[in-house]
Visitor: 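Dropping a structure here in structure tokens format, bear with me for questions.
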Amino acid sequence: MASPLISGRKSYTTFVVLVTILQVGNGFYLPGSYMHTYSTGDEIYAKVNSLTSIETELPFSYYSLPYCKPRGGIKKSAENLGELLMGDQIDNSPYRFRMNINETVFLCTTPPLSEYEVKLLKQRTRDMYQVNMILDNLPAMRFTNQNGVKIQWTGYPVGYTPPNSNDDYIINHLRFRVLVHEYEGAGVEIIGTGEEGMGVISEADNNKASGYEIVGFEVVPCNNITSVSCPQELDKSQVIREQERVSFTYEVEFVKSNIKWPSRWDAYLKMEGDRVHWFSILNSLMVIFFLAGIVFVIFLRTVRRDLTRYEELDKEAQAQMNEELSGWKLVVGDVFREPSHSKLLCVMVGDGVQITGMAVVTIVFAAFGFMSPASRGMLLTGMILLYLFLGIAAGYIGVRMWRTIKGSSEGWRSVSWSIACFFPGIVFVILTLLNFILWGNKSTGAIPLSLYFILFLLWFCISVPLTLVGGFLGTRAEPIQYPDRTNQIPREIPARKYPSWLLVLGAGTLPFGTLFIELFFILSSIWLGRFYYVFGFLLVVFMLLVIVCAEVSVVLTYMHLCVEDWMWWWKAFYASGSVALYVFLYSINYLVFDLQSLSGSVSATLYLGYSLLMAVAIMLSAGTIGFLSSFYFVHYLFSSVKID
């Protein structure tokens, strides 16, 4: 009896595997996105997101303007942590489509516009606010021609102001074009589970398994008074003025398309300027090879030569040579002397490890396609959760470094608490100040108090305990043993012709040289509303940045040791960490020259606040990479020679 059962299970397993392979062969589906098929006549409702503008960067609710409301009332969609932080507010809308049925629909006529509504509509129109609609999780896309070039946008404007006119006109008629792809079902359906978890598979009706998928959503905004066409004459357009009643209408056309469902986001994620990305990588490689050559010379020609000569001498000659030592060998008794503000250094290194780990995991997952653009806010949500859980690594590294510097575990709890509070405290202060500005402008970008409470609970219940656990593990780990004893009396550092901080600041230009081209695309995606999905390039650039930061810090540390400057700890951190200064200066340059559409002191303050937050994170991450590289370089260097 067992043999037929085993044979049946094998046949079932083979069949399930075959069906799975066939399904996978249909296309690659981004995680977080699910295919919906519709039959002819099925009702589909569009949703509306916050109104956004590249001029103000202050998002507002769609229903803050006198638009038609759905009959059943306004219902907010469930939003994740990232969407709330980005200011998204997705609501239902009265825009109803029926699959494969082309129609023209009258929505409503508003009551006479009040003075306040007219003022608000005119302000939103002149600030170039866009209405963002979503159908089957696809943003509405529109195309415009400027100087013969076809430009793609998401959303449509609230209104427009003709040249040489003082009147503003509202967009009150929309022409939708929905691209659909006919989906042929596989004719197989799992209808339940049998005994012992075995699936019961039956033939499904082919008509039931097939349907239509939405693969594109385009909109043409119009303005009219008397008809549902798009008039070109201003006297037929709907002007914004008091006591004016605005009628909203729309028409929809369904167009069959050869685009398959897995490829429907390609139009949004179309990568432009790929040659520029390759140039950025090539530029970074040149910097890396240049610095690698310097490191190669330091190790093989200078350090190795000195160590080999020293090891070949007998004891008397070594004693005589000790008296004639010069350069880095003279600071052997001071190179591991405790730096000033050692606790702050350990805290910043711990937070840097946490930020770097978060960036590495996020970029790797995004580069392999696990961060779908269809899942709004998931990238930011994932980054926050990763940061919280990587508190254990931050506590471990920070406390172990503290124990190495101090020689004991005393005070590790204070270090762990400081690591848990340092960077989140900076983020809290900056976001709170910016939030007061957003609250004052009644923007949906303002973080609600309930979300503040949720973020606090996540930090206090996840990040803080894990950081303390990591700190405890750091006290149990073996401290890094210094290869040489530290003298009781510190050695005097010779006077220099130029201040050392000048060299440290200059060193940041090399990591910035590997980063600034990709930084332009990132800033454009954040502030100009463009999709950024070239995470493969970003992963390569990030790897190159890590290498450059390590090389710059090692070279600069060696240069300081050669001039008998044994206070290398903070210099090693800021040699690579100073790239943050150039990132912030570049952000200001981008604001002045590339983001000229941004207007008003409020918008500029928000931009600079978020840029400062980004610069602080980059400083901690890059500084940590440089410091740890220099620490292990110095440890290796002085463990190769013993000088009494």
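Keep in mind that the numbers below use all heavy atoms, side chains included, and drop hydrogens, waters and symmetry copies.
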Visitor: Which residues pass the ring pair (Phe, Tyr, Trp, His ring centres under 6.0 Å) test with Y632, not counting sequence neighbours?
Guide: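 Ring pair (Phe, Tyr, Trp, His ring centres under 6.0 Å) list for Y632, sorted by chain: empty.
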
Visitor: Going by the angle between their ring planes, with limits at 30° and 60°, are F456 and F460 parallel, tilted or perpendicular?
Guide: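 The arrangement is parallel - the two ring planes meet at less than 30°.
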
Visitor: Determine all donor-acceptor pairs shorter than 3.5 Å in which one atom belongs to a side chain in residues 615-623; sequence neighbours excluded.
Guide:
from: S621; atom 1: OG; to: T356; atom 2: OG1; distance (Å): 2.7

Visitor: Taking OH in Y452 as the centre, count heavy atoms belonging to other residues, nucleotides or ligands within less than 6.0 Å. Is the count above 12?
Guide: yes

Visitor: Would you call M614 and L523 a side-chain contact if the rule is heavy atoms closer than 4.5 Å?
Guide: yes

Visitor: Should S630 and T557 be marked as a side chain to side chain donor-acceptor pair (under 3.5 Å) after you check the CA-CA gap, both sets of side-chain angles, and the distance that decides it?
Guide: CA-CA 7 Å; S630 292; T557 299; 3.0 Å; yes

Visitor: Do the side chains of L515 and P511 get nearer than 4.5 Å, heavy atoms only?
Guide: no

Visitor: Should we say atom CG of L502 is surrounded by more than 12 heavy atoms from elsewhere, each under 6.0 Å from it?
Guide: yes

Visitor: Which distance, rounded to the nearest 0.5 Å, do you find between the CD1 of I462 and the OH of Y387?
Guide: 13.0 Å

Visitor: Please lay out, stage by stage, how S414 and K343 fare under the test side chain to side chain donor-acceptor pair (under 3.5 Å).
Guide: CA-CA 9 Å; S414 175; K343 180 180 177 180; 2.4 Å; yes

Visitor: Do the non-hydrogen side-chain atoms of W566 and V332 ever get within less than 4.5 Å of each other?
Guide: no

Visitor: What residues form a side chain to side chain donor-acceptor pair (under 3.5 Å) with S443, not counting sequence neighbours?
Guide: none

Visitor: Under the criterion side chain to side chain donor-acceptor pair (under 3.5 Å), I'd like the reasoning laid out for S524 against Y590: C-alpha separation, chi angles, the key distance, then a yes or no.
Guide: CA-CA 9 Å; S524 297; Y590 185 84; 3.0 Å; yes

Visitor: Checking E410 now: which residues fulfil side chain to side chain donor-acceptor pair (under 3.5 Å) with it, not counting sequence neighbours?
Guide: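 In terms of side chain to side chain donor-acceptor pair (under 3.5 Å), with neighbours along the sequence ignored, E410 is linked to no residue.
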
Visitor: Which residues pass the ring pair (Phe, Tyr, Trp, His ring centres under 6.0 Å) test with Y396, not counting sequence neighbours?
Guide: none

Visitor: Are I447 and L84 close enough that some pair of their side-chain heavy atoms sits under 4.5 Å apart?
Guide: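 They are not in contact (no side-chain heavy atoms under 4.5 Å apart), so the answer is no.
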
Visitor: Has the side chain of W569 got a donor or acceptor atom that lies under 3.5 Å from a matching backbone atom of S340?
Guide: no

Visitor: Do Y574 and L581 have side-chain heavy atoms sitting under 4.5 Å apart?
Guide: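 Answer no - side chains too far apart.
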
Visitor: Among residues at least two apart in sequence or on other chains, which ones pass side-chain contact (heavy atoms from CB on, under 4.5 Å) with V546?
Guide: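 Counting only residues at least two positions away or on another chain, V546 forms a side-chain contact (heavy atoms from CB on, under 4.5 Å) with F542, I625.
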
Visitor: Is there a donor-acceptor pair under 3.5 Å between the side chain of H635 and the backbone N or O of I480?
Guide: no

Visitor: For the CZ atom on F428, are there more than 12 heavy atoms of other groups (residues, nucleotides or ligands in this structure) within a distance under 6.0 Å?
Guide: no

Visitor: First locate atom CG of L380, then atom CG of L85, and finally report the distance between them rounded to the nearest 0.5 Å.
Guide: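 If I round to the nearest 0.5 Å, the distance is 5.5 Å.
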
